[in-house]
Amino acid sequence: MTALPGETPGTVGTDTPQGAEPPAATDAEGPAHAEAPDATGAEAEAEEVDGTGEAGDAEETTEAGGTGDAQEAGETGEAGGDAPAGGASTGGETDAPTAAALSEAQAELAAQRALREKIAKRKAEKEGPVAAGTKLSGSAADLLAAVRAVESGEKAGTEFFDSPAAAPAPRRAAPAPAGQPPRPAPAQAAPVDRTASPEAVDAVRAVLTEGGAPEALALPATGTLGEQAAELLRADPWQLLALPGVRPEQADGFARALLGAACGPDDGRRTAALVGWLLERAALQGHTALDAEAVRAALAERAVSDPEEAVRNAVEEGVALVFQEGTDPTEPDAAYEEDGEAPAEAETGGEAPEPVQVLLGLDRYALAEESLADGLARLMNACEKGADWAEAAAAAPSPSAVELIRTAATAGLVAHSGGEAARAEPAALIAAARGLGLRALGATHSADGRRRLAEAVGAPDAAVTLAGLLSGTEGPGRDEDGALALDLLVVLDAPQLDVEGAAVLVEALADGVRLVLSGDPGVLGSAGAGRVFADVLAARACPQVVSRTPDPGPIGELVSGIGIGELTQVEAPGKEVVIVPVRDAGEAVHRTVQLVADSVPRAFSIPAGDTQVITVGHGGAAGTRVLNEALKQRLNPGPGRFGGFDPGDRVIHVPAPGRAVPGVVRSADSEGLHLDCGGVPVVVPQERVESAVRHGWALSAHQAAGMRWPAAVVVLPGDAAAGLSRPWVYTAFGRGERHLSVVHGVDQALPHAVAQIPAQERTTRLRTLLEALPTPDAAS
């Protein structure tokens, strides 16, 4: 590897010092980061925009004992989803069917449904106002009852809309017959926040002031808890924990101010809120469930004297569901009896009992995983051979493409894995299917991926973004049954699929549709909870095709080595890979600006606008904030007259948690900030600019996942060493198509991370559910 003109050449070592220890957990604000912001003001909820909802791209250890990629949604005002509102729960006894009568999968699902039904029935039998740690009445009780009615399926959500205008938009009609020119994609609409009534906000503000909490939390509290937020907070002050950025100690202080001596560390309202908070934090790091023992340990650290009772109370209140792994699925109550208590040891006749892992999870993720497992099994079992694919397979451009086409011809679900060059194989499959007259489409994580896929297929209408497909703004629309009008769907960038998004997608596919999940297993995982692609691969419940097409060139060789844990020097005669050693963060910022503004354009004729800077975290002396400020001053100086932005600024727009859309500022007016996002005009309302838009010359690796640029500059200052892992390095180094510069200040921490710090495991249930479901002949 060589240096650019004017740069100092360097090398990347591959040896790890003997006895080297893994880096410590990192802080959420950047290279030394760990937790959500402590501030409870408005600045805490919109601390920074990150298209993945992550906290500085580093792995961290949860307070409940779980680990995973740091994921938080402070920049969009989300905290892993809405707090449960009386959702279904488990923990009671049930009359489970015997294994002889049902398969293991059916028994498992039936047992879980029976548990939820029994607890729902027990709650329905209770008289008086709705209980949620305390007694509520009046409109607050009505509100919670309405929410629970919708969640349980007793009533449709549309019954509670005040007017037809507030009802969900109708499904789009099926597409026009083939042969007609494709319709242009509509302009992307900026999301509109629901505006709370001034009376509700004022009422919440008064309660917050009485409890000593910042008044700035009034609007987010009303948006999260609803119009009855003031009543809910007064009755249960720990509901404040549902707001992004609020810490337990802050909620405790708020509760003491409102309740005085009436509250204590073992208050049922407090313990239930803490369990929910721990599970929400775990979801931000990718977990869909947590080990119950880890939750109890975390509660004990929060001064809860009886964690077992606290967990039981949370289960009864519907805050959490309880599951178990490693036991007979016909005995789902083995871990918790009806009162939520762990049972006494059963007599085993001298034999060691099978290990049992008791998991706690939020109902939204539990139901999403069960729905996704059922949906994937439905697709696998409903597939019919249909058209003759033999001729199309014979015309495929590579052996791996031939294998993928032949496999997709006979299977309803296929997992395809490979690097960047392997994306040509799903493109060949889509082209082959369209040649057979099938309605085939590819969905990508980003608009950049959509463009690259459309070019590979040779048809502009053959590719959409997954978000656009699900929202109805892109793609073929829905048929008369509400399903997507498709015969074959290929989802690229599949590692970016979270469990809720995947469940919605699979539910929208009709019986007989072929689904191909394609992606690179080595990249960083999804921003949301779950590890769908990894679980599908691990369960081996469907045929798998592993590409044999290597990524070309020095960058491809370097990244391929990283994928197997080896950081090696590669020959780069055309300066495709350059290492720029630096001594400190200040020098790292200086060299980065020099590379983007001068060296790369001069050596490769790549404009500064086509070079992307990627760094480990948002905070720190060389995080995205500092780098973006330095790059703006050099590339597009200005006063920031549009809320800190000027025309020509590169930005990242976050329309929803987990989505990062690159764009350029065009103008601003009374409507908001006008952006050009890949040729699509977007207007971000004024009230959302601060929370949904950030400068985008420098991004985190999570934000950059699923996108590529002609050149990439990866910045590794010394204080970022603890945030490195093999998936992070693999993802960041693979973002450059023609050139990669590494501003290197972490010494041996880089080869150590590549060799010894793999992806952090996420606790999920999808793999177990998929392994239990009856499927056609699976790959061996």
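Side chains are part of it too, since the values below use all heavy atoms of this structure and drop only hydrogens, waters and symmetry mates.
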Worksheet, complete the sentence: Taken to the nearest 0.5 Å, the spacing of Ser599 OG from Arg591 CZ works out to 7.5 Å

Worksheet item: Any side-chain heavy atom of Met707 sitting closer than 4.5 Å to one from His445?
Response: no

Fill in: Side-chain heavy atoms of Leu740 within contact of Glu576, under 4.5 Å
no

Worksheet, complete the sentence: Distance col, row Leu595:CG vs His739:NE2, nearest 0.5 angstrom, shows 6.5 Å

Worksheet item: Taking all non-hydrogen atoms of both residues, which atom of Ala392 and which atom of Ala432 are closest, and how far apart?
Response: CB-CB, 3.8 Å

Worksheet entry | Residue pair Val499 / Thr764, side-chain heavy-atom distance below 4.5 Å | no

Practice prompt. Search all heavy atoms of Ala529 against all heavy atoms of Asp498 and return the closest pair with its distance.
Written response: O-CB, 3.4 Å

Worksheet item: How would you list, by chain and number, every residue that makes a side-chain contact (heavy atoms from CB on, under 4.5 Å) with Pro639, sequence neighbours excluded?
Response: Arg641, Asp646

Let me check something: any side-chain donor-acceptor pairs from residues 604-611 under 3.5 Å, sequence neighbours excluded? List them with distances.
none

Worksheet item: Would you say the side chain of Leu766 lies within less than 4.5 Å of the side chain of Val532, judging by non-hydrogen atoms?
Response: yes

Worksheet item: Is there a donor-acceptor contact under 3.5 Å from the side chain of Thr731 to the main chain of Leu524?
Response: yes

Practice prompt. Using atom types as modelled and distance alone, determine if a side-chain donor or acceptor of Arg450 lies under 3.5 Å from a backbone N or O of Val464.
Written response: no

Practice prompt. Kindly give the heavy-atom pair with the smallest separation between Pro543 and Thr407, and that separation in Å.
Written response: CB-CG2, 3.5 Å

Fill in: Considering all heavy atoms, the nearest Ala443-Leu453 contact
N-CD2, 4.5 Å

Discussion item. Is any side-chain heavy atom of Asn628 closer than 4.5 Å to one of Arg694?
Written reply: no

Discussion item. Is the shortest side-chain heavy-atom distance between Arg762 and Ser526 below 4.5 Å?
Written reply: yes

Worksheet item: Step by step, would you call Leu558 with Leu567 a side chain to side chain contact (heavy atoms under 4.5 Å, CB included)?
Response: CA-CA 7 Å; Leu558 175 64; Leu567 186 65; 4.0 Å; yes

Item to complete: Can you spot which of Thr465, Leu469, Leu466 makes a side-chain contact (heavy atoms from CB on, under 4.5 Å) with Glu474?
Response: Thr465

Practice prompt. To the nearest 0.5 angstrom, please state how far the CG atom of Asp649 sits from the CG atom of Leu631.
Written response: 11.0 Å

Discussion item. Among Arg735, Gln703, Arg708, Arg650, which residue satisfies the side chain to side chain donor-acceptor pair (under 3.5 Å) criterion with Gln612?
Written reply: Arg650

Worksheet item: Looking only at heavy atoms, which two atoms of Asp461 and Leu441 are closest? And how far apart?
Response: O-CD1, 3.3 Å

Worksheet item: Does any N or O in the side chain of Thr615 come within less than 3.5 Å of the main-chain N or O of Ala622, such that one atom is a donor and the other an acceptor?
Response: yes

Discussion item. Main chain of Val582, side chain of Glu587: is a donor-acceptor contact present, judged purely on distance under 3.5 Å?
Written reply: no

Practice prompt. For residues Ala433 and Ala440, report the shortest heavy-atom separation together with the two atoms involved.
Written response: CB-CB, 3.6 Å

Practice prompt. Find the distance between CZ (Arg738) and CD1 (Ile555) and round it off to the nearest 0.5 Å.
Written response: 10.0 Å

Fill in: Partner residues of Tyr730 under the ring pair (Phe, Tyr, Trp, His ring centres under 6.0 Å) criterion, sequence neighbours left out
none

Discussion item. When you measure from the side chain of Gln544 to the backbone of Leu537, do you find a donor-acceptor pair of N or O atoms at a distance under 3.5 Å?
Written reply: yes

Worksheet entry | Result of checking Leu750, Val714, Val580, Val715 against His744 for side-chain contact (heavy atoms from CB on, under 4.5 Å) | Leu750

Worksheet item: Between Glu566 and Ile564, is there a donor-acceptor pair closer than 3.5 Å when you use the side chain of the first and the backbone of the second?
Response: no

Worksheet entry | Residues Phe645, His695; criterion side chain to side chain contact (heavy atoms under 4.5 Å, CB included); working and verdict | CA-CA 8 Å; Phe645 302 98; His695 285 110; 3.3 Å; yes

Discussion item. Using side-chain heavy atoms (C-beta onward) and a distance below 4.5 Å, is His653 in contact with Val693?
Written reply: yes

Fill in: Derivation and outcome, side chain to side chain contact (heavy atoms under 4.5 Å, CB included), residues Phe533 and Leu497
CA-CA 7 Å; Phe533 190 56; Leu497 267 178; over 6 Å; no

Worksheet, complete the sentence: Sorted by chain and residue number, the salt bridge (charged side-chain N to carboxylate O under 4.0 Å, His left out) partners of Arg767 (sequence neighbours excluded) come out as Glu771

Discussion item. Quick check against the 3.5 Å criterion: does Ser400 have a side-chain atom that pairs as donor or acceptor with the backbone of Arg548?
Written reply: yes

Discussion item. Using the rule side-chain contact (heavy atoms from CB on, under 4.5 Å), only one of Leu675, Val661, Leu673 pairs with Val651; which is it?
Written reply: Leu675

Fill in: Whether Asp551 side chain and Ala421 backbone form a donor-acceptor pair below 3.5 Å
yes

Worksheet entry | Spatial distance of atom CG (Leu699) from atom NE2 (His618) [nearest 0.5 Å] | 9.0 Å

Response to the item:
side-chain contact (heavy atoms from CB on, under 4.5 Å) with Trp697: of Asn636, Val593, Thr624, only one passes, and it is Asn636

Worksheet item: How would you list all residue pairs meeting side chain to side chain donor-acceptor pair (under 3.5 Å) that involve residues 416-428, not counting sequence neighbours?
Response: His416-Glu425, His416-Ser518, Glu420-Arg452, Arg423-Asp493, Glu425-Ser547, Glu425-Thr549

Discussion item. Once rounded to the nearest 0.5 Å, what's the spacing between atom OG1 of Thr592 and atom CD1 of Ile614?
Written reply: 11.5 Å

Worksheet item: Yes or no on salt bridge (Lys or Arg N to Asp or Glu O under 4.0 Å) for Glu629 and Arg625, after CA distance, side-chain angles and deciding distance?
Response: CA-CA 6 Å; Glu629 182 179 355; Arg625 294 193 193 95; over 6 Å; no

Worksheet item: Just by modelled atom types, is the Asp676 backbone N or O under 3.5 Å from a matching donor or acceptor in the Arg666 side chain?
Response: no

Discussion item. Using the rule given for side chain to side chain contact (heavy atoms under 4.5 Å, CB included), can you reason through Leu627 versus Val589, listing the C-alpha separation, both sets of side-chain angles and the distance that settles it, and then say yes or no?
Written reply: CA-CA 6 Å; Leu627 286 168; Val589 174; 4.0 Å; yes

Item to complete: Taking side chain to side chain donor-acceptor pair (under 3.5 Å) as the test, write out the residues that go with Asp598, two or more places apart.
Response: Arg634

